2 protein chains.
Amino acid sequence: MCQINLHGVILKEKERKILDASLKLFVERGFHGTSTAEIAKTAGVATGTLFHYFKTKEELINRLYLYTKESMLCESSKHYDDKKTFKENIKELWLKFVHFGINEPYKFQFILTFHCSPYITSLTKEQVETHAEGMLGIYKNGIQKQKIKEISFEMIMDYFWGNVVTVVTHFEKYPEKLNEKNLDMAFELLWDGISK
Amino acid sequence: MCQINLHGVILKEKERKILDASLKLFVERGFHGTSTAEIAKTAGVATGTLFHYFKTKEELINRLYLYTKESMLCESSKHYDDKKTFKENIKELWLKFVHFGINEPYKFQFILTFHCSPYITSLTKEQVETHAEGMLGIYKNGIQKQKIKEISFEMIMDYFWGNVVTVVTHFEKYPEKLNEKNLDMAFELLWDGISK
DNA sequence: TACTAAATTGACTAATCAGTCTATAATGTA
DNA sequence: TACATTATAGACTGATTAGTCAATTTAGTA
C-alpha cells in the first residue's frame with residue numbers, strides 16, 4: 001500500500017521514472033557525477049519534463065530522499081508486541097531493516113550515502129520521522145526490564161543502525177552466505193553486545 | 001615517522017598542499033562537487049602546478065587514497081603481543097583505529113566515503129594492504145584459544161570495522177560524551193558480541 | 001658562471017552542465 | 001464543440017569544467 005504514493009500524493013508515471021532513474025544514477029555516480037541530461041535519458045523523458053516535475057536538481061534529490069526513506073520506514077512501523085519476548089521484538093525490527101537493505105539495495109545505499117549530505121536540506125530531514133521511533137519504545141522497555149545494558153539511547157541507536165548497515169553490506173559482498181543460520185548468527189553479535 | 005612519505009617517496013611541499021586541500025574539499029563536497037580550480041586555489045598554487053604533479057583529477061584522488069590509507073595503517077601495524085590477554089590485544093587494535101578516526105576525521109571520512117567509489121581503481125586498492133592483516137592473526141588466535149565465536153573471518157572483520165565506524169561517528173556526533181568510560185563501554189559492545 | 005631540467009604560472013579551450021524557452025500535444029471541463 | 005490547463009518535447013544559453021600550453025622562474029650541476 002505504501003509504494004506509489006509519497007506523503008499521500010500519488011506520483012505521475014514519468015515523475016516515478018525520473019525518481020527511479022535518479023536513484024540508480026545518484027547511487028552509482030553521485031550527485032554531481034550525474035547530469036540531469038543523463039537522468040532524463042535513462043528515465044526516457046526530455047530534460048524539459050524533468051524540470052517540469054522538479055524545479056531544480058536539488059529539489060529532485062530532496063524528493064528522492066523522502067521517497068526512499070518513507071519506503072524504508074513504512075516497512076518497519078510496527079510497535080512493541082507484548083506477546084513476544086523482548087529479544088524477539090528487537091530481532092523483528094532488526095530483520096525488517098536488514099531485509100529492506102537486502103531487497104532494496106539502491107534505496108538502502110542512497111539513504112546511507114545521502115542522509116548526511118549537504119544536498120538534503122534539514123527541512124527535508126524533518127519531514128520524515130527518523131527510524132528512532134520504533135527503537136525508543138524498545139529501549140525504554142529494555143532498560144526497565146533490565147534486559148539491556150545501561151548505555152545511552154543515542155549509543156544503542158547508533159550501534160543498532162551501524163549493525164544493520166554492517167550486516168546488509170556484508171551479505172551484499174558475500175551473497176552466497178545469505179541464509180537464515182548466518183542471519184541468526186549476525187543478530188546474536190548485536191544481541192550479545194547490548195543485552196545484560 | 002610515517003607521515004610525510006608515501007611508499008617511501010617523499011612528497012614535495014606543494015604536492016602535499018594539493019593533497020591536503022583535496023582531502024578537505026573531497027570530503028566536504030565530493031569528487032565531482034570539487035573543481036580542480038578550487039583545489040588549486042585552496043592549496044595556494046596554480047592549476048598548472050596541480051596538473052604538473054597529478055596528470056588527471058582521477059590520479060589525484062587515487063594518490064590521496066594511498067596517502068590517507070597508509071596514514072591510518074601505519075598507526076596500527078603492531079602484531080599480537082603474547083604478554084597481554086587476548087581481549088587486551090583486540091582492544092589495543094580497536095583503540096588504534098578509533099583514535100585514528102577521532103584524531104583524523106577528514107582522513108577517516110575520506111577512506112569511508114571513497115573506499116568503495118568507482119574513482120579508486122582496483123590497482124590502487126591492491127597497493128595498500130587492507131586492515132585485515134592485523135586482524136587475521138588475532139582471529140586465528142581467538143578461534144584456537146576458543147575465545148571468540150565460530151563465525152567466519154569475513155563476518156568478524158566486517159563486524160569489527162563496522163563497530164569502529166559506528167563508534168567514531170558516534171563520538172563525532174556527541175563529542176561531549178568522549179571519555180575513557182564511554183570508550184570502554186563501546187568496546188564492551190563489540191567484545192560481548194564476538195566473544196564466547 | 002653557464003647550461004639544463006624541473007617547477008610554477010595563469011590565460012586559454014573544447015566539452016559539458018543546470019536550467020530556460022517556445023512550440024506542440026494531451027487532458028479536463030463547460 | 002470550444003477553451004483552458006497541464007504535460008511533453010528538445011533546441012538553446014551562459015556558466016563552469018578538466019585539462020593544455022607557452023612563457024617564466026627556480027634549482028641543480030659542471
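Reminder, nothing fancy here: chain letters follow the sequence lines and each chain counts from 1. Note that the structure is a prediction, hence the values are computed from the model and not measured.
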*Can you find a pair of side-chain heavy atoms, one from Phe110(B) and one from Tyr65(B), that are under 4.5 Å apart?*
yes

Under 3.5 Å, N/O pairs linking protein and nucleotides 22-27 of chain D:
none

Pairing donors with acceptors under 3.5 angstrom, does anything connect the side chains of [X] and [Y]?
X         : Y         : value
Thr34(B)  : Glu38(B)  : no
Thr124(B) : Thr121(B) : yes
Tyr67(A)  : Asp20(A)  : yes

Chain A vs DNA chain C, heavy-atom contacts under 4.0 Å, first-to-last nucleotide span, 5' to 3', is dC17(C) to dT20(C)

The criterion is salt bridge (charged side-chain N to carboxylate O under 4.0 Å, His left out); which residues satisfy it with [X], sequence neighbours excluded?
X         : value
Glu28(B)  : Lys24(B)
Lys107(B) : Glu104(B)
Glu59(A)  : Arg63(A)

Show me, pair by pair, the donor-acceptor contacts under 3.5 angstrom made by side chains of residues 185-196 of chain A, not counting sequence neighbours?
unit_1: Glu188(A); atom_1: OE1; unit_2: Lys87(A); atom_2: NZ; d: 3.3
unit_1: Glu188(A); atom_1: OE2; unit_2: Lys87(A); atom_2: NZ; d: 3.2
unit_1: Asp192(A); atom_1: OD2; unit_2: Lys149(B); atom_2: NZ; d: 2.5
unit_1: Ser195(A); atom_1: OG; unit_2: Trp191(A); atom_2: O; d: 2.8
unit_1: Lys196(A); atom_1: NZ; unit_2: Glu150(A); atom_2: OE2; d: 3.3

Rounded distance (Å) that lies between atom [atom2] of [N] and atom [atom1] of [X]:
X        : N       : atom1 : atom2 : value
Arg16(A) : dA7(D)  : CZ    : P     : 17 Å
Phe51(B) : dT20(D) : CZ    : P     : 7 Å
Ile61(B) : dG19(D) : CD1   : P     : 12 Å

Taken in chain and number order and not counting sequence neighbours, the residues that satisfy side chain to side chain donor-acceptor pair (under 3.5 Å) with Lys14(B) are none

Side chain to side chain donor-acceptor pair (under 3.5 Å) filter on Asn103(A), not counting sequence neighbours, yields none

Does dT8(D) have OP1 or OP2 under 4.0 Å away from a side-chain N or O of Tyr53(A)? yes

Taking only side-chain N and O atoms of Lys14(A), does any of them lie within less than 4.0 angstrom of OP1 or OP2 on dA7(D)? no

Residue pairs passing the side chain to side chain donor-acceptor pair (under 3.5 Å) test with at least one member in residues 167-179 of chain B, sequence neighbours excluded, are Ser152(A)-Lys177(B), Glu154(A)-Lys177(B), Asp158(A)-His170(B), Asp158(A)-Lys173(B)

Quick note, side chain to side chain donor-acceptor pair (under 3.5 Å) partners involving residues 41-58 of chain B, not counting sequence neighbours, are none

Please write out each protein N/O paired with an N/O of nucleotides 10-12 of chain D under 3.5 Å, distance rounded to 0.1 Å.
unit_1: dA11(D); atom_1: N6; unit_2: Thr47(A); atom_2: OG1; d: 3.4

What residues 24-41 of chain A contributes to the DNA chain C interface at heavy-atom separation below 4.0 Å is Thr34(A), Ser35(A), Thr36(A)

* Ring centres under 6.0 angstrom apart (Tyr119(B), His32(B)) -> yes

